[in-house]
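Input: a single structure, listed below in structure tokens.
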Amino acid sequence: MLQTHPSPPSDFIREIIEEHIKTNRFQGLVATRFPPEPNGYLHIGHAKSVCLNFGIAAQYGGTCNLRMDDTDPSGETREYVDSIIRDVKWLGFDWQNRLFYASDYYEQLYQFAVHLIETGKAYVCSLSAEEIREHRGTLTEPGQESPYRNRSVEENLDLFKRMRAGEFEDGAHVLRARIDMGSPNITLRDPVLYRIKRTPHYRVGMKWCIYPMYDFAHCLSDSIEKITHSICTLEFENNRPLYDWLLDELKVEYHPQQIEFARLNLSYTVLSKRRLIELVEGGYVNGWDDPRMPTLAGMRRRGYTPGAIQNFCERIGVAKNDSIIDMALLDHCVREDLNERAKRVMGVLRPLRLVIDNYPEGKVEALECPHHPQNPGMGSRETPFSKILYIEQDDFHENPPKKYNRLGPGREVRLRYGYIIKYASMVKDERTGEIAEVHCTYDPKTKNSSPPDGRKVEGVVHWVSAEHSLPAEVRLYERLFNVPNPLGEKEDFLKFLNPKSLETISTCRVETSLKDATPGSRYQFERLGYFCVDLKDSSPGRPVFNRIVTLRDSWVKVSGVK
RNA sequence: UGGGGUGUCGUCAAGCGGUAAGACACAGGUCUUUGGAACCUGGACUCGGAGGUUCGAAUCCUCCCACCCCAGCCA
């Protein structure tokens, strides 16, 4: 048995936290939060953050809140909130009664803004968006102060109150922090704190027509929730001085420590909300839960287990290097998990009729097949064996190539958990020349046992009984893109979509025991891979299986084809 | 040309002045009624580059180079 968790994970964030605990900063407490904006579905990149935040909280006996960072009414919906809740829960984390919304803090945030105005640290600016941009300066030149920068406190208070009251059109005024237009850090050049947006909010409706910006809402939400460690991604590093400035100016009681880490990138896919929306809206995939999508909804439908994803998030580590994780690691984590828990069954993707000439007509034997060869505790099932079977087309070759350990003229192979069979003849379709049927003889003395004479056979082949097997549809998934870094290419990322990312085979045959397979259940089809009964499209009489991941296959390396 | 970050095996990632962990991938092998799983073996003569400090540097200092982020009334 492999020890997957020899020691709790350690990384620079946990080092900082341990130092804080040691020095009694935050009274030794640890409180984190996962703060998604409900304007899209969660993906594997979010999973890294979820696992980090909830994982740290659990490790140090602290808490982790789930907070909807809903400060921009355009694009945020209840549907996204629901999907986020569903996905975080599915991933295996529990925020208990600590589900919060930035929109619940609007009144408090407003009061904080008023306070900032009163202390002369914020002002209402009536420049247009373009004018503000022009005044902001460039990377190398300082900005210009707004002509409205020195309005009186009274005027600012009055204007801000009227902004809230809905007296102005969108864009007429904004509230700005009064910091430093000459700062080399552009974030500090009098950042906008509030904007007027007469857009209905999915939770508070038309109650507000001014909405706080991220920088204002986030640090204060953290403070309100008494967060100790506000963990976010690298692109917010420039914003940390503003985060601290606001909390310092407002003299809040709780001043969390923001810590930034590198977001996850995965090879052969994209993890940007915008790109994923493009894939969905452009019809390149079948929705957010398309099994090819790196969304948690898609991965769940594909059959990935929460445990595999958690393990993956742990193994990739946490650091500040921009990096692209090899998809092979995710595949590995999924196989590692499924290898242990998935029951083995037999299914034939592309059936080839196989007749056992010397097997009695009409005879049916129930062959005992273990659910897991290495784990007898998982039990077994009986699978019917009869004269006419299906084997995989790939498992017979008229002219076997070198190192091909399967059936061919003159050869013997083992039928998994059944008999050794010997090639007798084949029947070809007269018109197409394709092999329509293979005939063999079986050795009755080899039923799930070694031959008395000790002879070796070519290999082992999976099969199903023609009469007893069930028709099934199988969807074979491969990587969505055929280049490692679709967004790093010169051309548009859509050009690199893998046309073979989905192959549907509707003529598969699976063993009888799958008759009552429940949607969402996962199996290993021996020699092929791991498959999951589709949550949406599978029905009792017509099972649909999604291929989660193939088994590692050393034959593809030997043969050089695929 | 401003500021903030980052550079250790193909991909991640430990390392915190004492002489390069581990994982995935890869290669070879053992075993095998899954060409699966498991198990063994192999690999950075070197840490972006160049100098310097030191008995000793991936770790400290200096300079240089590359890449990422910032000029939304997005987050």
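Just so it is clear, the values below take in all heavy atoms, side chains as well, and ignore hydrogens, waters and symmetry mates.
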> Parallel, tilted or perpendicular for A:Tyr101 and A:Tyr202, by the 30°/60° rule?
Replying inline: tilted
>> Please list, in numerical order, the residues of residues 256-265 of chain A that have a heavy atom closer than 4.0 Å to any atom of RNA chain B.
In response: none
>> If the cut-off is 4.0 Å, is A:Arg195 near the phosphate of B:rA75, judged by side-chain N/O to OP1 or OP2?
In response: yes
>> Any donor-acceptor pair under 3.5 Å linking the side-chain atoms of A:Gln258 with those of A:Ser230?
In response: no
> Between B:rC31 atom P and A:Asn405 atom CG, what is the distance in whole Å?
Replying inline: 15 Å
> Residues two or more places apart in sequence or in another chain: which of them pass side-chain contact (heavy atoms from CB on, under 4.5 Å) with A:Asp69?
Replying inline: A:Thr71, A:Ala102, A:Tyr214, A:His218
> Just how far, in rounded Å, is P of B:rU34 from CG of A:Leu338?
Replying inline: 19 Å
>> Quick check for you: among B:rA75, B:rU34, B:rA23, whose closest atom lies nearest to any side-chain atom of A:Pro373?
In response: B:rU34
>> Checking the side chain of A:Arg195 only, and the main-chain atoms of A:Pro212 only, is there a donor and an acceptor separated by less than 3.5 Å?
In response: yes
> When all nucleic acid strands are considered with a 4.0 Å heavy-atom cut-off, which category describes A:Arg406: base, sugar-phosphate, or nothing?
Replying inline: base
>> Is A:Lys197 close enough to B:rC74 that one of its side-chain N or O atoms is under 4.0 Å from OP1 or OP2 there?
In response: yes
>> Please confirm whether the shortest side-chain N or O distance from A:Arg552 to OP1 or OP2 of B:rC26 is below 4.0 Å.
In response: yes
> Ring centroid separation for A:Phe216 and A:Phe112, is it under 6.0 angstrom?
Replying inline: no
> Which residue pairs satisfy the salt bridge (Lys or Arg N to Asp or Glu O under 4.0 Å) criterion with at least one member in residues 213-223 of chain A, sequence neighbours excluded?
Replying inline: A:Arg33-A:Asp222, A:Arg67-A:Asp222
Using a cut-off of under 3.5 Å, enumerate the N/O to N/O pairs linking the protein to nucleotides 3-6 of chain B.
from	atom 1	to	atom 2	distance (Å)
B:rG3	N2	A:Asn238	OD1	3.0
B:rG3	N2	A:Asn238	ND2	3.1
B:rG5	O2'	A:Glu237	OE1	3.3
B:rU6	O3'	A:Asn321	OD1	2.7
B:rU6	O2'	A:Asn321	OD1	3.2

> Which residues in residues 159-179 of chain A have at least one heavy atom lying under 4.0 Å from any atom of RNA chain B?
Replying inline: A:Gly171, A:Val174
> Under 4.0 Å between a side-chain N or O of A:Arg136 and OP1 or OP2 of B:rC73?
Replying inline: yes
> Quantified in whole Å, what is the P atom distance between nucleotide B:rG4 and nucleotide B:rG49?
Replying inline: 24 Å
> Sequence neighbours excluded, which residues qualify as ring-ring contact (aromatic ring centres under 6.0 Å, His included) partners of A:Tyr442?
Replying inline: A:Tyr359, A:Tyr419
>> Tell me the interatomic distance from A:Phe531, atom CZ, to B:rU34, atom P, rounded to whole angstroms.
In response: 18 Å
> For RNA chain B, what residues of residues 66-77 of chain A have any heavy atom nearer than 4.0 Å?
Replying inline: A:Asp69, A:Thr71, A:Asp72
>> What is the separation between atom OH on A:Tyr417 and atom P on B:rG36, rounded to the nearest whole Å?
In response: 15 Å
> By ring-ring contact (aromatic ring centres under 6.0 Å, His included), which residues pair with A:Phe160, not counting sequence neighbours?
Replying inline: A:Tyr110, A:Tyr194
>> Using a 4.0 Å heavy-atom cut-off, does A:Val549 contact any base of the nucleic acid, only the sugar-phosphate backbone, or nothing at all?
In response: nothing
> Quick one: which of B:rU34, B:rC70, B:rG72 gets closest to the side chain of A:Met213?
Replying inline: B:rG72
> Which part of the nucleic acid does A:Arg414 contact within heavy-atom distance under 4.0 Å: base, sugar-phosphate only, or nothing?
Replying inline: base
> Could you give the CG-to-P distance, from A:Leu271 to B:rA75, as a whole number of Å?
Replying inline: 21 Å
> How would you list, by chain and number, every residue that makes a ring-ring contact (aromatic ring centres under 6.0 Å, His included) with A:Phe493, sequence neighbours excluded?
Replying inline: A:Phe481
>> If I compare all heavy atoms of A:Val457 with all of A:Glu412, which pair ends up nearest, and what's the gap?
In response: CB-O, 3.4 Å
>> Say we look at B:rG43 and B:rU11: how far apart would their C1' atoms be, to the nearest angstrom?
In response: 16 Å
> What's the closest nucleotide to the A:Thr140 side chain, out of B:rC12, B:rG72, B:rG2?
Replying inline: B:rG2
>> Measure NE2/A:His371 against P/B:rU34 and give the value in whole Å, please.
In response: 17 Å
>> A:His20: which residues meet the side-chain contact (heavy atoms from CB on, under 4.5 Å) condition with it, sequence neighbours left out?
In response: A:Ile16, A:Arg25, A:Phe26, A:His229, A:Gln257
> Under 4.0 Å between a side-chain N or O of A:His462 and OP1 or OP2 of B:rU34?
Replying inline: no
> For the pair made of CD in A:Glu458 and P in B:rU32, what is the distance, rounded to whole Å?
Replying inline: 17 Å
> What is the pairing partner of B:rU32, taking Watson-Crick or G-U wobble pairs with both distances under 3.5 Å in any strand?
Replying inline: none
>> Side chain of A:Glu15 only, heavy atoms from C-beta on: which candidate in B:rA13, B:rG10, B:rG15 is closest?
In response: B:rG15
>> Test of understanding: with salt bridge (charged side-chain N to carboxylate O under 4.0 Å, His left out), list the residues that count as partners of A:Asp190, not counting sequence neighbours.
In response: A:Arg149
>> Whether the A:Arg315 and A:His332 side chains hold a donor-acceptor pair (N or O, under 3.5 Å, no angle test) is what I'd like checked.
In response: yes
>> Need the pair for B:rU53. Rule: Watson-Crick or G-U wobble, both distances under 3.5 Å, any strand; none if unpaired.
In response: none
> Is there a donor-acceptor contact under 3.5 Å linking the side chains of A:Arg263 and A:Thr233?
Replying inline: no
> Can you list the residues that meet the side chain to side chain donor-acceptor pair (under 3.5 Å) rule with A:Ser450, with sequence neighbours excluded?
Replying inline: none
>> Using 30° and 60° as the class boundaries, would you call the ring planes of A:Tyr105 and A:Phe100 parallel, tilted or perpendicular?
In response: tilted
> Could you give the CD1-to-C1' distance, from A:Ile84 to B:rA75, as a whole number of Å?
Replying inline: 12 Å
>> My understanding is that a pair needs two contacts under 3.5 Å, Watson-Crick or G-U wobble. By that rule, which nucleotide pairs with B:rU59?
In response: none
>> Mind checking if A:Phe236 touches a base, just sugar-phosphate, or nothing, with heavy atoms under 4.0 Å?
In response: base
